[in-house]
Amino acid sequence: MAFKSLSSRSSGKPAPVGMTRHAPLLGIALKLSSTFTFFIMATALKIAAEDVPIGQLVFARNFFGLFPVLLMVGLRGELGLAFQTKNPKGHLTRAAVGLTAMVCSFTALYLLPLPDATAIGFATPLFVVVLAFFLLGEQVRIYRWSAVGVGFLGILIVLSPHLGEDELDSASTYGALLGIMAAGCAALAMITVRKLCETERTSTIVTWFAASATVLSLLTLPLGLLLPGQAWIVPDLKTAGLLLLIGLAGGVGQILLTQSYRFADASTIAPFDYVNMLWAIIVGWVVFSEVPVPQVIAGAMIVIAAGVFVIYREHKLGLDRTKSRRASTPSRS
């Protein structure tokens with residue numbers, strides 16, 4: 001398969017990990033800060049999406065987000081090295097898949113309440129287990145398969161208000177389906193990151209994604225000729241400020257996320273991804289007057305429990321995901 005042969009076509013020694021030290025409390029603090037920063041971005045995005053097409057939002061996220069990333073890489077003295085790669089095809093593949101996840105995720109975020117979109121996004125780690133089995137040949141035992149099955153049951157519960165007969169609404173259903181597609185594409189992007197981490201620096205993976213995604217997102221510009229509702233606009237001062245905030249918050253969140261995994265391993269940091277549900281409920285209620293229905297809360301709790309169990313099992317099996325998580329860009333970021 002393409003992913004199995006990717007490493008054999010690459011050459012060179014494994015990339016250096018960079019400066020790290022064991023400080024789990026600092027790592028957790030940075031992780032929590034990243035989730036909060038990403039939700040500042042998500043709030044600005046949901047507000048701006050009332051007037052700005054998704055393609056332009058994705059461009060703003062990546063273009064303005066590129067500057068904090070370049071600043072981080074520059075301060076580490078790796079700016080020149082960040083653009084050096086022996087696998088540009090792998091980076092472009094990761095950018096295309098990641099950008100697809102971002103487009104689907106941003107659209108779902110616009111169409112659905114924040115708690116609902118966030119809970120559906122928790123399906124990503126479950127998809128990663130499935131894709132790692134089929135694409136990477138990773139051994140998955142009964143415990144993780146069971147957790148994945150339970151997790152997807154929780155996702156079905158989250159989806160039920162949007163796909164059920166009683167509340168079948170076209171926008172809501174469309175948003176729910178796009179949310180699932182975003183989770184699947186984000187998982188596929190994570191698989192490509194795992195392969196890239198075998199030979200590429202973290203700074204290279206992060207920088208190439210931000211730069212490639214910025215260029216690729218420009219391909220949405222002509223969509224306005226076919227879909228008038230997706231025509232890019234000339235923003236007023238308020239909207240321009242929101243676009244700038246989306247990009248800068250996304251870029252700063254990426255820096256905080258990357259740095260968090262330099263101070264603690266994935267088994268310590270990753271469970272704090274689920275704090276996103278708390279932010280979603282608070283921000284959704286305070287800013288958008290959104291109150292999650294009981295099915296969403298119940299389903300989210302099931303998915304979170306399944307996700308934490310998967311992390312626990314991978315830690316017990318000695319599967320350290322720290323490096324790949326350090327180089328990843330969550331689809332909602």
Side-chain angles (χ1 to χ4, degrees), residues 37-71 91-92 94-114 116-118 120-121 170-172 174-183 185-186 189 206-255 280 283-284 287-288 290 329-333:
T37 306
F38 283 142
F39 253 92
I40 292 176
M41 185 215 74
T43 303
L45 189 149
K46 196 169 175 66
I47 294 171
E50 295 291 338
D51 303 304
V52 182
I54 296 298
Q56 191 171 1
L57 291 172
V58 172
F59 172 78
R61 158 63 186 96
N62 289 291
F63 177 71
F64 293 118
L66 180 60
F67 295 100
V69 169
L70 290 177
L71 178 61
H91 286 288
L92 291 176
R94 182 264 190 276
V97 176
L99 195 65
T100 301
M102 197 173 284
V103 169
C104 294
S105 176
F106 285 9
T107 307
L109 194 64
Y110 168 60
L111 295 175
L112 296 175
L114 266 176
D116 302 50
T118 302
I120 294 172
S170 58
S172 178
Y174 184 51
L177 294 176
L178 281 175
I180 283 292
M181 188 180 298
C185 289
V206 172
T207 303
W208 266 78
F209 175 76
S212 300
T214 298
V215 174
L216 290 175
S217 61
L218 287 173
L219 297 176
T220 64
L221 187 58
L223 274 179
L225 300 175
L226 301 174
L227 302 171
Q230 293 301 310
W232 286 29
I233 66 169
V234 177
D236 56 24
L237 188 61
K238 174 188 174 182
T239 304
L242 286 172
L243 294 177
L244 182 62
L245 178 60
I246 289 168
L248 292 180
V252 171
Q254 178 70 55
I255 293 172
V283 173
V287 179
F288 301 105
E290 299 170 345
T329 303
S331 63
R332 295 192 192 285
S333 67

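Numbers for residues simply follow the sequence, beginning at 1. None of these values were measured; they are calculated from a predicted model.
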key: Straight-line distance of Thr329 OG1 to Leu99 CG, nearest 0.5 Å   = 11.0 Å
Side chains of Gln56 and Pro235 in contact at under 4.5 Å (non-hydrogen atoms) = yes
inquiry  = Could you report the tightest heavy-atom contact between Ala213 and Ala95, atom names first, then the distance?
reply    = N-CB, 4.4 Å
task = Walk me through it: do Leu112 and Ile120 pass the test side chain to side chain contact (heavy atoms under 4.5 Å, CB included)?
result = CA-CA 10 Å; Leu112 296 175; Ile120 294 172; 3.9 Å; yes
ask   = Hey, are the side chains of Ile54 and Thr220 touching, using non-hydrogen atoms and a 4.5 Å cut-off?
value = no
ask   = Which atom pair, heavy atoms only, marks the closest approach of Pro222 to Leu219?
value = CD-O, 3.1 Å
request  = Starting at CG of Leu216, measure out to CG of Leu92 and round the result to the nearest 0.5 Å.
outcome  = 7.0 Å
Atom pair CE (Met102) and CG (Leu109), whose distance is rounded to the nearest 0.5 Å = 12.0 Å
key: Whether Phe63 and Phe59 hold their rings parallel, tilted or perpendicular, with breakpoints at 30° and 60°   = parallel
inquiry  = To the closest 0.5 Å, what do you measure between CG (Leu243) and CG (Leu248)?
reply    = 11.0 Å
key: Nearest atoms (heavy-atom pairs only) where Ile246 meets Met41   = O-CG, 3.1 Å
ask   = Which atom pair, heavy atoms only, marks the closest approach of Ala108 to Gly175?
value = CB-O, 3.4 Å
task = Taking the side chain as every heavy atom from C-beta outward, state whether Phe64 and Leu245 have any atom pair closer than 4.5 Å.
result = no
task = Kindly indicate whether the side chain of Phe106, heavy atoms from C-beta on, has any atom under 4.5 Å from the side chain of Leu178.
result = no
Thr118 and Phe39, any side-chain heavy atoms less than 4.5 Å apart = yes
request  = Could you tell me which residues satisfy side-chain hydrogen bond (donor to acceptor under 3.5 Å, both in side chains) with Thr43, sequence neighbours excluded, listed by chain and number?
outcome  = none
note = Across all chains, not counting sequence neighbours, the side-chain hydrogen bond (donor to acceptor under 3.5 Å, both in side chains) partners of Asn62 are none
request  = Give, for atom CG of Leu242 and atom CG of Leu57, the distance between the pair rounded to the nearest 0.5 Å.
outcome  = 9.5 Å
query = Which residue pairs pass the ring-ring contact (aromatic ring centres under 6.0 Å, His included) test when at least one of the two sits in residues 210-231, sequence neighbours left out?
reply = none
remark   = Taking every heavy atom of Thr100 against every heavy atom of Ala96, the minimum-distance pair comes out as OG1-O, 2.8 Å
message = Tell me whether Leu227 at atom CG has more than 12 heavy atoms from other residues, nucleotides or ligands lying less than 6.0 Å away.
response = yes
Leu225 CG to Gln230 CD distance, which is reported to the nearest 0.5 Å = 12.5 Å
key: Asp116 side chain reached by Glu290 side chain, heavy atoms, under 4.5 Å   = no
inquiry  = So which atom in Ile40 and which in Ala249 form the shortest heavy-atom distance, rounded to 0.1 Å?
reply    = CG2-CB, 4.4 Å
request  = Show your working on side chain to side chain contact (heavy atoms under 4.5 Å, CB included) between Ile233 and Val52 and close with a plain yes or no.
outcome  = CA-CA 7 Å; Ile233 66 169; Val52 182; 3.8 Å; yes
